[in-house]
Amino acid sequence: MIWRTHLCGEPTAALVGKRLILSGWTARRRDHGGLVFVDLRDRSGVVQLVINPEHAPEAAELAHGIRNEFVLRGEGELVARSPETVNANMPTGEVELKVDSLEIVSRSTALPFQLDEENVDETLRLRYRWLDLRREKLQRNIGLRAQMVGIIRRTMEEAGFLDIQTPILFKPTPEGARDFVVPSRLQPGRFYALPQSPQILKQLTMVAGFDRYYQIAICFRDEDLRADRVQEITQLDVEMSFPDQELLFELMEEMFSRIWRECLGLGIPVPFPRMTFAEADRRFGSDKPDTRFELELEDATEATRGSEFGVFAGAEAVRFLRVPKAFSRGELAKLEELAKEWGAKGLAYLVFDGGEVRSPIAKFLSEAELAALAGKDGETLLFAADAWPTTSRVLGALRLHLGGELGLIDETAFTFLWVEDFPMFERDDEEARWTAVHHPFTRPTKEWEDRFHTEPKEALAHAYDLIVNGNELGGGSFRIHEPELQAQVFGLLDLSQDEQRSKFGFLLDALAMGAPPHGGIALGIDRMTMVLAGEPNLRDVIAFPKNQAGVDPMSGAPSDVTEEQLTELGIALVEGPAE
């Protein structure tokens, strides 16, 4: 049995007169009483079958019973369509298969939704994911993802990187998110953890002498979900010994250039611009700025330091956005509510409209202050006055909101950016201790190597993120390869000597046995595909995702296990805390 000689998207005028066998799914059937037309679909495209009762009476009789999503096998001669029936919107629109024989390979029950139906509930789509994945958009997204991964592999291997697989069952180590833990039957009462990333393991491949490693790695993080976050992520993991940041950046830029060129037919200017964390925070209020539009934050702290408006005078920072629109009171009230959701106490404003300044705070500002804050007619200045991080959070989020609302963003553009020199530590006020901004294995920059522990708030890390259109595609750093320096960092993070040995003893031992300098980067395959495909929802670029509650509506996972399984694992279930 030959199921097919060609895919459904392959028949063209060059094959007219050839005998073809095609198999696929029924996308549409049109029964004209005599002639029956069937659009046959597979992942390559759609082709029209025509069944004529005078030419193939048995096939015509069978065709009357065909329904959408039946699987068919058709055999016949490929013929040219008449000029008036050519479909210019289909790659196969000049031809059709004149069917001699037809077979219903598989039937379909009534469908829970039609593949061309809009606004289908996501839970219903995930419940019948195998059907949802037949839709043209998801076929494109998953195909685009596969094409991208192929380009990644070729690029990495051409650069001499080895694909090395690391364990899925590993040791629980603190990396920022909660671990998924796995009980061990053979070691009762003990647990593995699913890796949040192969961070330590890839460092060990460097110590082992494999100086260029990469992996398309599955990582697991037990964290709350949202549109651009899932619990199982796939990442491109890269590490190199004797690291050269310029070489690493150039390799990533080459890889992205190839992806965008081969997948989208677009050229990307290289090298990518670079910006320090401090500059990104100052100009955009974000460590992942969307640079497709301007609307940068401005600083009025010094200009208003002696202001009679007490909110400005007493604030650590006074910053504002200069927006090219004179907002109405109603619009300003809505913007203030958004600002409060992002942590603002309020939203001061100056509206320059028709030669006048419209604002309840204008009367508290001196002529010098108004002159320093002068705006053009038709502009609104929106102010945040608070601690510096709060002003960044509020105005950074407001900037993105207004960029979309006012049509300031070029939706066809892709602006790539490296952000460098991140803070090494941040203070956790609740636990009264320092935490690592990236991870505890990131080395300080050269100028901070000998004094990061004396001024942790100011210390900078040799770390970098890659951003496109306001999306963090991934990040990396140079690592600590000296055991003494690593122990110092652990100490600053309040890990006792016993905790260091218990959690990271094997890493410290490895670093003490001839560890080369090393560094790398990890990039999110899911997020990369999301940007490449122009999708707002990460779940639409993953074949079988969980929903926002971490549940798989298709299989019912996570599911119960039997008492026998729990007993074998030495686990007893207890009632959880009341909500």
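Scope of the values below: all heavy atoms of this structure, side chains included, with no hydrogens, waters or symmetry mates.
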(Q) With side-chain contact (heavy atoms from CB on, under 4.5 Å) as the criterion, how do Thr85 and Asn87 come out once you've worked through the C-alpha distance, each side chain's angles and the decisive distance to 0.1 Å? (A) CA-CA 6 Å; Thr85 61; Asn87 185 343; over 6 Å; no
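- Looking at every heavy atom in both residues, Leu406 comes nearest to Phe327 through CD1-CZ, 4.4 Å.
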(Q) side-chain contact (heavy atoms from CB on, under 4.5 Å) for Arg134 and Arg41? Distances and angles first, verdict last. (A) CA-CA 9 Å; Arg134 294 180 195 171; Arg41 181 197 73 243; 3.6 Å; yes
Q | Pair Ser286-Arg393, side-chain hydrogen bond (donor to acceptor under 3.5 Å, both in side chains): steps then yes or no | A | CA-CA 7 Å; Ser286 172; Arg393 183 175 64 251; over 6 Å; no
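- Here the CE atom belonging to Met275 is positioned 12.0 Å from the CG atom belonging to Asp287, to the nearest 0.5 angstrom.
- Between Lys288 and Asp465 there is no salt bridge, since no side-chain nitrogen of the basic residue lies less than 4.0 Å from a carboxylate oxygen of the acidic one.
- Taking the side chain to side chain donor-acceptor pair (under 3.5 Å) definition, one finds that Glu96 meets it with Gln48, sequence neighbours left out.
- His439 has its side chain out of reach of Ser197: every pair of non-hydrogen atoms, C-beta onward, lies at least 4.5 Å apart.
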Q.
Working note: Phe416 + Trp260, criterion ring pair (Phe, Tyr, Trp, His ring centres under 6.0 Å); need CA distance, chi angles, decisive distance, verdict.
A. CA-CA 12 Å; Phe416 287 78; Trp260 256 248; 5.3 Å; yes
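- The backbone N or O of Glu472 lies less than 3.5 Å from a partner atom in the side chain of Arg527, making a donor-acceptor pair.
- Counting all heavy atoms, side chain and backbone alike, Val230 lies closest to Ile233 at O-CG2, 3.7 Å.
- Atom CD1 of Ile525 and atom SG of Cys219 lie 10.5 Å apart (nearest 0.5 Å).
- Between atom CD1 of residue Ile142 and atom CG of residue Asp540 there is a gap of 8.5 Å, rounded to the nearest 0.5 Å.
- In this structure, the side chain of Glu262 does not engage the main chain of Ile259 through any donor-acceptor pair within 3.5 Å.
- Contact record, Arg4 with Leu22: CB-CA, 4.3 Å, taken as the closest heavy-atom pair.
- Listed for the Thr5 side chain is no donor-acceptor partner under 3.5 Å among the backbone atoms of Leu20.
- The existence of a salt bridge linking Arg261 and Glu254 is excluded, since no basic side-chain nitrogen approaches an acidic carboxylate oxygen closer than 4.0 Å.
- The backbone N or O of Ile151 sits less than 3.5 Å from a side-chain atom of Thr155, completing a donor-acceptor pair.
- Looking at Asp237 and Tyr213, their side chains do bring a donor and an acceptor atom within 3.5 Å of each other.
- The heavy-atom pair separating Tyr464 from Leu248 by the smallest distance is OH-CD2, 3.4 Å.
- Using a 4.5 Å cut-off on side-chain heavy atoms (C-beta onward), Asp222 and Gln231 make contact.
- For the pair Arg81 (side chain) and Val95 (backbone), a donor-acceptor distance under 3.5 Å is present.
- In the model, Glu420 has a side-chain atom that pairs as donor or acceptor with a side-chain atom of Gln245 under 3.5 Å.
- Without hydrogens or angle criteria, Asp42 side chain to Ser44 main chain gives a donor-acceptor distance under 3.5 Å.
- Classified by interplanar angle (parallel below 30°, tilted 30° to 60°, perpendicular above 60°), the ring pair Tyr128/Phe113 is perpendicular.
- Within the model, atoms CG of Leu347 and NZ of Lys334 stand 15.0 Å from one another, a figure rounded to the nearest 0.5 Å.
- Taking each heavy atom of Ala413 and Asn469 in turn, the nearest pair found is O-ND2, 3.1 Å.
- A heavy-atom distance below 4.5 Å is found between the side chains of Leu115 and Leu131.
- A donor-acceptor contact shorter than 3.5 Å is absent between the side chain of Asp552 and the backbone of Lys546.
- By the 6.0 Å contact criterion, CD on Glu58 is open, its count of non-hydrogen atoms from other residues, nucleotides or ligands being 12 or less.
- Between the side chains of Arg73 and Ser101, no donor N or O sits under 3.5 Å from an acceptor N or O.
- For the 3.5 Å distance criterion, the side chains of Asn547 and Glu122 fail to qualify, holding no donor opposite an acceptor.
- Residues Tyr214 and Glu157 bring a donor and an acceptor atom of their side chains to less than 3.5 Å of each other.
- The only option from Ile521, Leu247, Leu251 that meets the side chain to side chain contact (heavy atoms under 4.5 Å, CB included) definition with Met240 turns out to be Leu247.
- Heavy atoms from other residues, nucleotides or ligands lying under 6.0 Å from CD of Glu61 number 12 at most.
- Side chain of Asn471 to main chain of Leu473: no donor-acceptor pair is present (N/O by atom type, distance under 3.5 Å, no hydrogens or angles).
- Taken to the nearest 0.5 Å, the CD atom of Gln139 stands 12.5 Å off from the CG atom of Leu144.
- Atom CD of Glu10 sits in a crowded spot, with more than 12 heavy atoms from other residues, nucleotides or ligands closer than 6.0 Å.
- For Gln165, the CD atom sits in a loose shell: 12 or fewer heavy atoms of surrounding residues, nucleotides or ligands are nearer than 6.0 Å.
- Atom CZ of Arg43 sits in a sparse spot, with 12 or fewer heavy atoms from other residues, nucleotides or ligands closer than 6.0 Å.
- From Ile218, atom CD1 reaches atom CD of Gln235 across 9.5 Å, with rounding to the nearest 0.5 Å.
- Of the N and O atoms on the side chains of Glu535 and Asn141, at least one donor lies less than 3.5 Å from an acceptor on the other residue.
- Look at Glu75 and Arg19 and you find a salt bridge, because one of the NZ, NE, NH1 or NH2 atoms lies within 4.0 Å of a carboxylate O, short of that distance.
- Under a cut-off of 6.0 angstrom, the local environment of CD in Glu117 is crowded, with over 12 non-hydrogen atoms contributed by other residues, nucleotides or ligands.
- With no hydrogens or angles considered, no side-chain donor-acceptor pair links Thr26 and Glu69 at under 3.5 Å.
- The ring-ring contact (aromatic ring centres under 6.0 Å, His included) check on Phe70 picks up nothing, with sequence neighbours excluded.
- Remark: the Gln114 side chain and the Asp116 side chain contain no N/O donor-acceptor pair separated by less than 3.5 Å.
- Annotation for Trp25: atom CH2 does not count as buried by contact number, only 12 or fewer foreign heavy atoms lying within 6.0 Å.
- Residue Glu279 qualifies as enclosed at atom CD: its count of foreign heavy atoms under 6.0 Å is above 12.
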Q: Verify side-chain contact (heavy atoms from CB on, under 4.5 Å) between Leu402 and Leu335, making sure each step is shown before the conclusion.
A: CA-CA 9 Å; Leu402 292 171; Leu335 291 175; 3.9 Å; yes
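- Between the side chain of Arg322 and the backbone N or O of Leu382, no donor-acceptor pair lies under 3.5 Å.
- Ring planes of Trp418 and Phe249: parallel class, angle under 30° (limits at 30 and 60°).
- Judged purely by atom type and a 3.5 angstrom limit, Glu253 uses its side chain to pair as donor or acceptor with the backbone of Phe272.
- Counting all heavy atoms, side chain and backbone alike, Ala522 lies closest to Lys202 at CB-NZ, 4.4 Å.
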(Q) Between Phe414 and Arg292, is the side-chain contact (heavy atoms from CB on, under 4.5 Å) condition met? List the steps. (A) CA-CA 7 Å; Phe414 292 97; Arg292 288 176 295 175; over 6 Å; no
